Amino acid sequence: MSDEIAFVPTMGALHAGHLELIKRARELSPEVVVSIFVNPLQFENPDDLAKYPRDLPADTQKALAAGATKVWAPLYEEVYPREIEKIFAGPIGELFEGRHRVGHFDGMLTVVHRLFEVVKPTYAIFGEKDFQQLFIVKKWVIENNVPVQIISVPTVRDKDGLALSSRNVRLSEADRKIALVINRALSTGSREGMLSTLAAESNFQLDYAEVIDEQSFGLAVQDTKFKRGIVAGWINGVRLLDNMAMGSN
Ligand code: AMP
């Protein structure tokens, strides 16, 4: 039997996006570990942490049904038994998402490092939904020779185009309709298009809308080969995040 482990780190409140990661993990290895841990270190906003949806019994069932062989929901003390060894995300961790959520990517990398230490995976599966997170994890793994293969999975969306997110359960039906503005904005394929589309929706409060170079995560320039639109903002106290490839030159 293979002793390779495919690992899917999550914060729970599992939806079809997470389940796609678990299915991909199962294609890679017969051993699939799913962690469920709401990591306080990556929440700069205590209200967001307090309101984060939690449902361990339902999550466990969903993860097992999608192909997980182990669901691991550690206590804080299991993840951080000693003084926390902080991992810093570097300058890219301070851009875009990191500018609005100061310390978020350091907290994210710190927990990924600890989870990898315990699980010792061969593969770790991350979603494109959190594109900057994926970029930062890949970069950290390469630069530090972390012996894990990072595998990415495209964003899973509802039929109407809204990217699935654990935070969507906090949207009212009316807010959910408003949230479709994000997908419409990204589909315009340009920063100007995104900004004008988002500005037309007064219930959406923009954090940022930019077009980045997928290879460097800097702002795209005219001859950037792989461009990606990234958007984050608020609807009625709920923060939403999305991104979309914007073609290549
Ligand atoms: P979270 O539980 O939000 O921390 O997410 C755990 C993993 O699921 C991360 O790698 C996310 O990028 C991924 N993920 C979240 N939403 C989606 C989605 N709609 N499609 C694909 N992957 C997702």
Side-chain angles (χ1 to χ4, degrees), residues 6-28 32-45 48-49 51-56 58-60 62-63 66-68 71-74 79 89 96-97 101 104-116 119 121 123-141 148-171 176 179-180 182-183 186 214 217 228 230-232 238-245:
F7 177 42
V8 182
T10 81
M11 298 202 298
L14 301 186
H15 51 63
H18 297 111
L19 303 185
E20 223 24 65
L21 270 57
I22 297 171
K23 287 178 198 154
R24 183 76 187 92
R26 196 56 193 256
E27 290 168 5
L28 294 162
V32 174
V33 177
V34 174
S35 66
I36 296 178
F37 180 62
V38 183
N39 174 37
L41 260 53
Q42 71 192 69
F43 284 81
E44 67 305 328
N45 177 343
D48 191 27
L49 175 60
K51 288 188 178 153
Y52 203 82
R54 289 167 168 88
D55 189 348
L56 188 55
D59 284 346
T60 305
K62 287 181 197 171
V71 177
W72 180 48
V79 178
F96 313 118
E97 211 38 28
R101 304 187 64 189
H104 167 71
F105 288 119
D106 299 337
M108 179 281 293
L109 266 191
T110 300
V111 78
V112 165
H113 171 240
R114 266 301 290 151
L115 297 174
F116 283 8
V119 176
Y123 309 97
I125 299 89
F126 289 83
E128 284 188 2
K129 161 76 168 46
D130 300 278
F131 205 74
Q132 194 172 358
Q133 165 174 286
L134 173 65
F135 184 93
I136 288 171
V137 170
K138 277 189 187 162
K139 188 167 187 289
W140 169 72
V141 161
V148 178
Q149 243 176 280
I150 303 299
I151 309 290
S152 61
V153 170
T155 302
V156 177
R157 301 175 179 281
D158 263 335
K159 277 195 208 77
D160 58 11
L162 183 68
L164 299 187
S165 160
S166 302
R167 291 183 177 85
N168 290 356
V169 298
R170 292 172 49 203
L171 295 170
R176 215 194 152 290
L180 296 177
I182 300 174
N183 190 267
L186 286 163
E214 286 191 5
F217 228 92
R228 188 164 285 254
I230 56 173
V231 173
V238 181
R239 191 161 185 282
L240 297 175
L241 172 74
D242 201 355
N243 67 83
M244 199 177 279

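Counting convention: from 1, in listed order, for ligands and their atoms alike. Heads up: numbering here begins at 1 and tracks the sequence. Here the structure is a predicted model, which means the values were calculated and not measured.
- Residue contacts with ligand 1 do not include Arg157, since none of its heavy atoms lies under 4.0 Å from the ligand.
- Every atom of ligand 1 is numbered from 1 in the order shown, and the set under 4.0 Å from a heavy atom of Gly17 is 18 (C), 20 (N).
- Note on ligand 1: Pro154 sits in its first shell, one or more heavy atoms being nearer than 4.0 Å.
- Under a 4.0 angstrom heavy-atom cut-off, Pro9 registers as being in contact with ligand 1.
- Below 3.5 Å of separation, one finds an N or O of His18 facing an N or O of ligand 1.
- Under the 4.5 Å side-chain criterion, counting only non-hydrogen atoms from C-beta, Leu28 is in contact with Arg24.
- In this structure, Trp140 and Phe116 have tilted ring planes: the angle between them lies in the 30° to 60° band.
- Residue contact check for ligand 1: Tyr52 places a non-hydrogen atom closer than 4.0 Å to it.
- Scanning the protein heavy atoms around atom 16 (N) of ligand 1, the nearest turns out to be His15 CE1, 3.3 Å.
- In this structure, atom 11 (C) of ligand 1 lies nearest to the protein heavy atom Asp130 OD2, 3.1 Å.
- When each atom of ligand 1 is checked for a heavy atom of Phe126 under 4.0 Å away, the hits are 10 (O).
- Comment: Glu20 does not engage Lys129 in a salt bridge, judged by the lack of any side-chain N to carboxylate O separation of less than 4.0 angstrom.
- Residue Val156 places at least one N or O, backbone or side chain, under 3.5 Å from an N or O of ligand 1.
- Going from atom NZ of Lys138 over to atom CD1 of Ile150 covers 9.0 Å, rounded to the nearest 0.5 Å.
- Arg170 and Asp48 are joined by a salt bridge, as a carboxylate oxygen and a charged side-chain nitrogen come within less than 4.0 angstrom of each other.
- Between atom CG of residue Leu134 and atom CD of residue Glu214 there is a gap of 9.5 Å, rounded to the nearest 0.5 Å.
- With atom 17 (C) of ligand 1 as the reference point, the heavy atom nearest to it among Arg24, Arg167, Lys129 is part of Lys129.
- Close approach of ligand 1 to Thr10 (heavy-atom distance below 4.0 Å) involves ligand atoms 2 (O), 6 (C).
- Residues Leu186 and Asn183 form no side-chain contact, since every pair of their non-hydrogen atoms from C-beta on lies 4.5 Å or further apart.
- Here side chain to side chain donor-acceptor pair (under 3.5 Å) pairs that include residues 150-161, with residues two or more places apart or in two chains, are Arg157-Asp242, Asp158-Arg176, Asp160-Arg176.
- With a heavy-atom cut-off of 4.0 Å, Glu20 does not touch ligand 1 at all.
- Rounded to the nearest 0.5 angstrom, Ile230 CD1 and Phe131 CZ are separated by 9.5 Å.
- The shortest contact between atom 10 (O) of ligand 1 and any protein heavy atom is with Gly127 N, 2.9 Å.
- The protein heavy-atom contact nearest to atom 4 (O) of ligand 1 is Met11 CG, 3.6 Å.
- Taking all heavy atoms of Leu162, Leu164, Leu21, Val112 into account, the minimum distance to atom 22 (N) of ligand 1 is reached by Leu21.
- Taking CG from Leu14 and CD1 from Ile22, the interatomic distance works out to 5.5 Å, rounded to the nearest 0.5 Å.
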